[in-house]
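In what follows, a single structure is set out as C-alpha cells and then discussed.
Reminder, nothing fancy here: chain letters follow the sequence lines and each chain counts from 1.
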2 protein chains.
Amino acid sequence: MERFDRIKVPSAYEMVAEAIEAEIVSGRLRPGDEIGTEAALVRQFGVNRSTVREGIRVLEQGGLVRREASRKLFVCEPRAGGLSTRISRALVLQDVTFRELFDTAMVLEVGVVEGAVFHADAATLAALEQNQERLEAAVNNPVVVAELDSEFHALLARACGNRVLEMAREPAALLFFPSTEMICRRVPEGAGRMAQAHRFIIDAVKARDLELSRTWMRRHLVDWRKGFVRAGREIDEPVERIFARYALSKSQS
Amino acid sequence: MERFDRIKVPSAYEMVAEAIEAEIVSGRLRPGDEIGTEAALVRQFGVNRSTVREGIRVLEQGGLVRREASRKLFVCEPRAGGLSTRISRALVLQDVTFRELFDTAMVLEVGVVEGAVFHADAATLAALEQNQERLEAAVNNPVVVAELDSEFHALLARACGNRVLEMAREPAALLFFPSTEMICRRVPEGAGRMAQAHRFIIDAVKARDLELSRTWMRRHLVDWRKGFVRAGREIDEPVERIFARYALSKSQS
DNA sequence: AATAGCCTTTTGTCCGACAAAGCCTGCTTT
DNA sequence: AAAGCAGGCTTTGTCGGACAAAAGGCTATT
C-alpha cells in the first residue's frame, strides 16, 4: 500500500485542451460557438501553435469541437462525438461474443420499446411507418433491409424519450444490426418475418400496449438469433475484427 | 437531394493515426506492444514529427495507445480508454434528467442482476460479500456508503459475464450513483435500507433465484428514487454540470 | 445581379532547435 | 566483485519560423 500517488505534471497541450473543455462543460461556450483561429489561441494561451494544435486534436477526438472542411473550429453537439463507434471498437478488441451482444440487445431494446410506448410522439410514429413501408418494399434486398432494421431501432430509441438509454444502446446496436444483412442473405424468409415483427411492434406502440410491445420485441430479437444460427453461425463466437472494421467505418461518416 | 457526398481529403496526421489504428484493430499490434519512438515513426511514415505527434494525440484520446510518464508509447487494453467518462460528459451537456438516468438504470441494472444470477462465480460473490461487510460497517458515513454502493453495482456488472452490458451501464452509473451520497446525507435511514437490499440481492444471486433478484434490484432502485425525492430533489431536473464535473473528474483517475 | 479574378487569412505540413526527464553505461567505491 | 553514482545518450515536450494550398472575402467586370 503506497502512501502517495505518482505526480502527473500536466503538459501544455493538455492544459490547452482542458481550458477549452472547461469553457464548454461550464456552458460558457455553447454548441455552435466558434473557438477562434489557431493564431488567436496562440495569442491567448501564449504557447506555440504546434502545442495549440495538439490540444485541438485532443478536443476533436473527444467529440467536443469539430472542424468542418479544414475550416473554422466550433463547439459541436455533444451527441455527434462518434463515441459509440469507439466503444464498439473497444468491444471488438475485447473479443466480445454475439451472445453478449444479443443478451444486451434483449435488455436494452425491450427497455427502449417500453419507453416508446409511453413517449412516442406523432412525428416519430410517422417516421416509423415510413420506415416500415420502405422495409416492406425492399424485403428482397439484404443491404437495404439491414439498413432499415438498424434505422427502425434507432427511431424507436429516439422515440423512447430517454437520451441516456438511447446512447447506452448505440454501441451494441452498431455491432449487432449489421449482421442482419448476412442473415437475410442466407435465410430467405428472414426479411418477411422481420417486417411482420416490426409491424406488430409499431402497432403495439401506437396502441400504448406495454405487454404486447415487449412480447413482439422479444420475439423479433429471438427471431434474429434463430436466423443467425440457421445462417450457420455460432452464437458464442467473437465478433470478427474485419467485419467490425467494415461496419464501423461505414457508420462513422 | 444531392447526388454526391462532399469529398474529404485525409490529412497526413489522420493517415498516421489510421495506419497505427489499423495495425491495432487487425490484431497485428497487441495490447502491451510498443509503438516505437516518435523519431522511428517519422522515419517510417516519412512525415514531420509535428504531424506524427498530432496523430499520436488522436490515438491517445481514442484510448488505443497510452504513454506512461512521458515515456514509451504502447498499445493499451481497450477497456482503459475512459470512454464512459466522456459519454457521461456528453449526457450532462445534453441536460439529461435524473428521471432518464433512473429509468435507464432500472433497465440495465435489472438486466445485470439477471445475468449475475446465471454467471456469478465464487470469486465475485466473495468480493460482493466483502463489499457488504464494509457497507454494513459504514452506514453512518455517506461518502463511503456512496462509494461502496457504486462498487457493489460495478461488481455485479462484472459478475454478469457480459462485457457489452457492463460497458453499456457505465456512463449512466457514473452519473447515477454519486447522488447516493447526497441522499444518505439527508435521509438518515437510507443507508440501512440500502444495506438490506444489497443483502437480499446477494442472497438471491447466490440462490440463483432469478425472480427474487429482479424484485430486490427493482426495490433497491425504487428506494433510491424515493430517497432522492425525500431529500428534496426533483426527479425531472437535469443533472447539474458542476456536480457532474466533480463526480467525473474523481472517476477519471 | 452574377461572375471571374485577385488578395488575405488560415490551415496543414515542414524544418531546425533546445531544455528537461528518463534510460543506460561505464566508472568509482567499498 | 557488487553496489552505487555520474555523466552521457535518447526521447519527449515545446518553441520559433517558414511556405504551399485551400477557403474566404473583396472588387471589378459583364
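A side-chain donor-acceptor contact under 3.5 Å links A:Thr97 and A:Glu100.
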Can you tabulate the close N/O pairs, meaning under 3.5 Å, that link protein atoms to atoms of nucleotides 16-19 of chain D?
| residue | atom | partner | partner atom | Å |
| --- | --- | --- | --- | --- |
| D:dG16 | N7 | A:Asn48 | ND2 | 2.9 |
| D:dA18 | N6 | A:Arg49 | NH2 | 3.3 |

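To the nearest angstrom, C1' of D:dC15 lies 18 Å from CZ of A:Arg43. Rounded to whole Å, atom C1' of C:dG12 lies 10 Å from atom CD of B:Glu14. Residue A:Glu54 contributes atom CD, which lies 12 Å from atom C1' of D:dC15 at whole-angstrom precision. The interatomic distance linking B:Lys72 (NZ) with D:dT10 (P) rounds to 13 Å, in whole Å. Rounded to whole angstrom, the span from the CD1 atom of A:Ile35 across to the C1' atom of C:dT10 amounts to 16 Å. The CG-C1' distance, from B:Leu41 to C:dC14, rounds to 17 Å in whole Å. Taking atom CG on B:Leu73 and atom C1' on C:dG22, their separation rounds to 15 Å, with Å as the unit. Rounded to an integer number of Å, the gap from CZ of B:Phe45 to P of C:dC14 is 12 Å.
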Check your understanding: Should A:Val107 and A:Thr104 be marked as a side-chain contact (heavy atoms from CB on, under 4.5 Å) after you check the CA-CA gap, both sets of side-chain angles, and the distance that decides it?
Key -> CA-CA 5 Å; A:Val107 169; A:Thr104 305; 5.7 Å; no
**Study point:** Chi angles and distances behind the side chain to side chain donor-acceptor pair (under 3.5 Å) call for B:Thr51, B:Glu54
**Key:** CA-CA 5 Å; B:Thr51 307; B:Glu54 286 188 40; over 6 Å; no
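The side chain of B:Thr51 lies closest to C:dC14 when the candidates are D:dT14, C:dC14, C:dG12. Comparing C:dG12, D:dG13, D:dT14 by their nearest atom to the side chain of B:Arg67 picks out D:dG13.
A donor-acceptor pair is defined here as one N or O able to donate and one able to accept, closer than 3.5 Å; such a pair exists between the side chain of B:Asn131 and the backbone of B:Leu148.
The aromatic rings of B:Phe102 and B:Trp224 lie parallel to each other, their planes meeting at an angle below 30°, with 60° marking the opposite boundary.
With respect to A:Arg134 and A:Glu129, no salt bridge is recorded, no charged nitrogen being found less than 4.0 Å from a carboxylate O.
In this structure, A:Arg53 does not reach the D:dC15 phosphate: none of its side-chain N or O atoms is under 4.0 Å from OP1 or OP2.
Both tests pass for A:Arg57 against the ring of B:Tyr13: distance under 6.0 Å to the centre and angle within 45° of the axis.
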